[in-house]
Amino acid sequence: MKSKKLIIGNWKMYPVSIKDAKTRFVDIKKLASTLRNVQTVICPPFVHVSDLQKLVTGHRCTIGAQNAWIENDGAYTGEVSPLMLSSLKLTHVIVGHSERRAIGESDELVNKKVLAGIKAGITVVLCVGEKVRDQDGDYMKFISGQIRLALHGVQKKDLAKVVIAYEPVWAIGKHALRPASTDDALEVSILIKKTLSDLYGKEGMVVPILYGGSVDAKNAWEFLMKSQVDGLLVGRASLDPKIFGEILMSAEKIK
Ligand code: PGA
């Protein structure tokens with residue numbers, strides 16, 4: 001639902017032990033399951049997914065995945081299929097994260113993953129974002145190009161299963177150049193809406209838009225208030241239940 005804020009925690013390749021993962025998830029769920037205005041999704045590493053899924057107790061705090069393959073089964077060593085994820089009742093799958101694009105995932109592959117995820121009934125969290133911000137504004141064309149390529153073949157009726165996360169590569173992770181400003185995020189949020197409206201007309205407006213990249217307890221509220229986004233994709237700060245809890249509380253307060 002667009003009116004609820006969507007806060008997704010991308011745990012990347014942390015934590016190492018399942019015990020640790022369970023403790024953190026239970027801690028987060030304790031708060032998240034009480035929040036009326038927030039949908040929380042935790043995306044742990046694959047090996048922890050089914051254990052954490054067993055700890056899910058309602059719809060307010062669910063489990064997602066960080067990636068999925070383009071077919072539902074087959075000879076694909078090392079891959080996990082979207083149907084496997086949906087049969088575990090995972091709600092979301094992140095697709096096209098910049099850390100995966102950096103190891104060779106092309107726009108064409110991202111598009112196939114988007115289509116496969118939707119077909120399997122999972123909400124796809126499509127990540128887009130530029131590596132650098134140039135003076136001439138070419139990054140705007142780059143981002144709308146990424147969206148157009150990734151959504152190729154996605155029908156209007158499928159849009160309820162699509163979320164777009166703007167994650168400028170230069171603002172992600174501990175080596176981030178600088179955090180994006182709320183204006184940086186606002187500019188691109190408007191661009192994403194414009195691109196969706198060019199592609200789908202007003203039906204494109206059902207797609208929630210997230211911001212991600214160095215989100216923490218200090219800036220979460222500002223991004224939600226000032227950047228016209230429907231939620232956040234949080235990396236590092238989602239691993240700390242206390243900090244993540246503060247982010248969730250910021251989102252809860254916004255009506
Ligand atoms: P970060 O990562 O919050 O640690 O910058 C965000 C992401 O990569 O999704």
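Order of appearance sets the numbers: ligands from 1, and atoms from 1 within every ligand.
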Test side chain to side chain donor-acceptor pair (under 3.5 Å) applied to Y139 and K131, E130, E187, the passing residue |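 Per the side chain to side chain donor-acceptor pair (under 3.5 Å) rule, the option paired with Y139 is E187, out of K131, E130, E187.
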
Using the six-membered ring wherever Trp is involved, compare the ring planes of Y76 and W69 and label them parallel, tilted or perpendicular (cut-offs 30° and 60°).
->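 Geometry flag for W69 against Y76: tilted rings.
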
Does anything in residues 109-122 pair up under side chain to side chain donor-acceptor pair (under 3.5 Å), and if so which pairs, sequence neighbours excluded?
->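 Only N67-K113, E105-K113 qualify under side chain to side chain donor-acceptor pair (under 3.5 Å).
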
Does A237 reach ligand 1, in the sense of a heavy atom lying below 4.0 Å from it?
->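 No heavy atom of A237 comes that close to ligand 1.
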
Just going by heavy-atom distances, which of E167, R236, K174 is nearest to atom 7 (C) of ligand 1?
-> E167

Residue pairs passing the ring-ring contact (aromatic ring centres under 6.0 Å, His included) test where at least one lies in residues 230-255, sequence neighbours excluded |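 For residues 230-255, and leaving out neighbouring residues, there are no ring-ring contact (aromatic ring centres under 6.0 Å, His included) pairs at all.
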
Using a strict 4.0 Å cut-off to heavy atoms of N10, name the atoms of ligand 1 that fall inside it.
->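 Here the atoms of ligand 1 in question are 9 (O).
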
Output the list of atoms in ligand 1 that are nearer than 4.0 Å to some heavy atom of G213, sorted by atom number.
->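 Within the 4.0 Å cut-off of G213, ligand 1 contributes 5 (O).
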
Report the nearest protein non-hydrogen atom to atom 3 (O) of ligand 1: residue, atom name, distance rounded to 0.1 Å.
-> G235 N, 2.9 Å

Residue, atom name and distance, where the atom is the protein heavy atom closest to atom 2 (O) of ligand 1 | K12 NZ, 3.3 Å

Any side-chain heavy-atom pair from Q66 and N10 closer than 4.5 angstrom?
->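 The answer is yes, as the side chains (C-beta and beyond) meet within the 4.5 Å cut-off.
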
Would you check if D107 and R101 make a side-chain contact, meaning some heavy-atom pair closer than 4.5 Å?
->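 A side-chain contact under 4.5 Å exists here.
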
Hey, is ligand 1 close enough to G173 that some N/O pair sits below 3.5 Å?
-> yes

